[in-house]
Each structure stands twice: as C-alpha cells, then as structure tokens.
Amino acid sequence: MAGNGTRPRVGVVKLTSCDGCQLAILDLEDELLAIAERFELADFPEATSNRWSGPFDVLFVEGSVSAPEQVERLHELRARTTTLVVIGACATAGGIQALRNWGDVTDWGRSVYPDPSLLPVLDRVTPVSEHVKVDAELRGCPVSTDQLREFLGALLAGRRPFLPDEAVCLECKRRGFPCVLVSGATTCLGPVTRAGCGAICPAFGRGCYGCFGPREQPNVSALVAQFERVGLSADEAGRRFAGFTNGAEPFRAAIPIEGAARPAAAASEGGDARN
Ligand code: SF4
Ligand code: SF4
C-alpha cells in the first residue's frame, strides 16, 4: 500500500478531455467527505493544486490520447500504479475528439493555426487501452457516478466491482419505456450499448447515443441492417455510431468513410499495450 497509514493513495489525471469526468467525481457530494477520509487524494487537478507523480494504489485516467507526450506520460504513470482505471467515454473510447480520425489532422490544424506543423499531436486520437494495460473501465460521458460509487466501495471492501455488461435494452425494458426503435420513431443504439445509464434517452423518447460504448460481443452489423430497413441509407446508418464512443471497436468499424481510408490501427503510434 503506497498511501499514508492504511489509506489507499489515489490520483486523478487528465489527458485530452473536458474535465467533465473529474467534475462527476466532485459531484459525489454526499460521499466526498467519506471518500476523503478513506482515500488519500494525492493528485486531482480539479480539486487540489497539490501535485503527486506516484506511486499510486489507484489512478483514475480521464481523457483520450492525442499527443506524443501523453503516450510517454501514460507509460510512466502505468509503471507507478497498481490499479489503473479509465473513466468516461474519452478515456475508454476516444471521445468526440476522436472524430478527427476521419479527417487529416494537418488540414484541421491549418484551419485554426498559421503553422500546423508546430502542433504536437498524433495523427490519431485513441483510447487509453491502446497504449497501456487498463485494469477497469468506468463508462459514460461524463463517467457514471453510480459506477464510481460502486468501484470505490468495492475497492474498500476488497471485492470485485459489479459493472454490468448487459445491453441498455434490458434497463429500458425493466423501466417499462416504449421502444423507439420498434415503433419506428427513431434509431437507437441500445441493443449494442453497455447498460449503466438507466436508459435515460429512451426515457425521454429519444434513441440511445451509445455513450457507454459497446457491450461485449455487440451485433453491430445486425443493428445497421435494422436501421437500413427503417429507411436510413447505409451511410446514415453507419454514421449513427460516430458519437462519443466512435473510437471503440466495433463502433469504429461501422462508421463510413468519405473519400479517405478508414482509420488504421494504432500500431504505428506506440499503441502497444505495455504494462
Ligand atoms: S467523457 Fe465526456 S465528460 Fe468525460 S472528459 Fe470526455 S467529454 Fe468530458
Ligand atoms: S428504445 Fe432502444 S434501448 Fe429501449 S428497448 Fe428499444 S432499442 Fe432497446
């Protein structure tokens, strides 16, 4: 145990992100004092100006990898961390910023900066798991506070956290919401998306956007075919997967390409899963 006394030493670090997942941790208002008593919060940019570079018993990583120094930093942090947990859609599945993978980063840069060659960016934005070994993933955009609570509680109790892998459809049916996909009202990614949000979009008559990313062995091609059966073109059907979790396979593979090569695997960018 690296922390003071018996308290596990915890860090929160950010990569390319909006800080919303850190704010979700701070949103655990009723539990924050108890968390601060039971864990040593050694590094947490949104909560304290104290900095700590390790070792960590638990490190929460927010954000996706989009710059070379982030790859280096990740490997250094991984080497100093016992349990590395990625939080939110950016860290687990690339986030919205990974949509730039479908274009040329130099072209994007040129539209904003006079000299894009000075931009220290990687060609592709990738989830953390494409670079280092990840011990747990907490999903959502922002990360689910229920999953945070469950994970921290399990950590203290020394048990395995319960992080469901069922489809959003199961939560949706348990809550008795009418199916927007069956009624033909709109498309919905619920059948292929991991549960955890309580089917909040179907609760308001909207289709699931896939914020929690793909569940285990999702049948994406069957859902694309269903979208086409209800009137979408193949292009429109595939674009339904170009959201918060577009960088996670097999969502990534379903997204159509416009006059460009499909984003390649991460091997050329130090994308090995080193420990
Ligand atoms: S997952 Fe969503 S809330 Fe969290 S850092 Fe990324 S964009 Fe922000
Ligand atoms: S509305 Fe979406 S999540 Fe709910 S049952 Fe239908 S397909 Fe599944």
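Along the sequence shown, residues carry numbers from 1. When a ligand or atom number is given, it counts from 1 through the structure's own listing order.
Residue, atom and distance of the protein heavy atom nearest to atom 2 (Fe) of ligand 2 are C188 SG, 2.2 Å. Closest protein heavy atom to atom 6 (Fe) of ligand 1: C90 SG, 2.3 Å. Considering only non-hydrogen protein atoms, atom 4 (Fe) of ligand 1 sits nearest to C21 SG, 2.3 Å. Among all non-hydrogen protein atoms, the one lying nearest atom 5 (S) of ligand 2 is K173 CE, 3.5 Å. Atom 8 (Fe) of ligand 2 has as its closest protein heavy atom C169 SG, 2.3 Å.
Near S17, meaning under 4.0 Å from one of its heavy atoms, ligand 1 places the atoms 5 (S). Interface of C172 with ligand 2, defined as ligand atoms under 4.0 Å from a residue heavy atom, comprises 1 (S), 3 (S), 4 (Fe), 5 (S). Short contacts between ligand 1 and G20, defined as distances under 4.0 Å to a heavy atom of the residue, involve ligand atoms 3 (S), 8 (Fe). Counting atoms of ligand 2 from 1 in the listed order, those under 4.0 Å from a heavy atom of P191 are 7 (S). When each atom of ligand 1 is checked for a heavy atom of E62 under 4.0 Å away, the hits are 5 (S). Near G190, meaning under 4.0 Å from one of its heavy atoms, ligand 2 places the atoms 3 (S). Atoms of ligand 1 lying under 4.0 Å from any heavy atom of P142, numbered from 1 in the order shown and given with element: 3 (S). Near V180, the atoms of ligand 2 lying under 4.0 angstrom from a non-hydrogen atom of the residue are 1 (S).
Note that CG of D43 and CG of N50 are 8.5 Å apart. Values are rounded to the nearest 0.5 Å. Atoms CD and CD, on Q22 and E46 in that order, are 5.0 Å from each other to the nearest 0.5 Å. F60 CZ to T81 OG1: the interatomic distance, rounded to the nearest 0.5 Å, is 11.5 Å. Rounding to the nearest 0.5 Å gives a distance of 8.5 Å between CD of E69 and CG of L122.
With respect to C169, the side chain to side chain contact (heavy atoms under 4.5 Å, CB included) criterion is satisfied by exactly one of P191, C188, C179, C208: P191. Residue E137 is tested with V128, V85, I87, V86 for a side chain to side chain contact (heavy atoms under 4.5 Å, CB included); the sole match is V86.
Residue A89 holds the heavy atom nearest to atom 1 (S) of ligand 1 of all those in A89, A91, C211.
Residue C208 places no heavy atom under 4.0 Å from ligand 2.
Under 2.8 Å from atom 8 (Fe) of ligand 1 lies an N/O/S atom of C18, whether from backbone or side chain.
Counting non-hydrogen atoms of other residues, nucleotides and ligands closer than 6.0 Å to CG of L118 gives a total above 12. Within 6.0 Å of atom CD1 in I200, 12 or fewer heavy atoms from other residues, nucleotides or ligands are found, so the atom counts as exposed in its surroundings.
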Candidate pair Q70 and T16, rule side chain to side chain donor-acceptor pair (under 3.5 Å), full reasoning | CA-CA 9 Å; Q70 291 174 338; T16 301; 3.1 Å; yes

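Judged purely by atom type and a 3.5 angstrom limit, R175 has no side-chain atom pairing as donor or acceptor with the backbone of A203.
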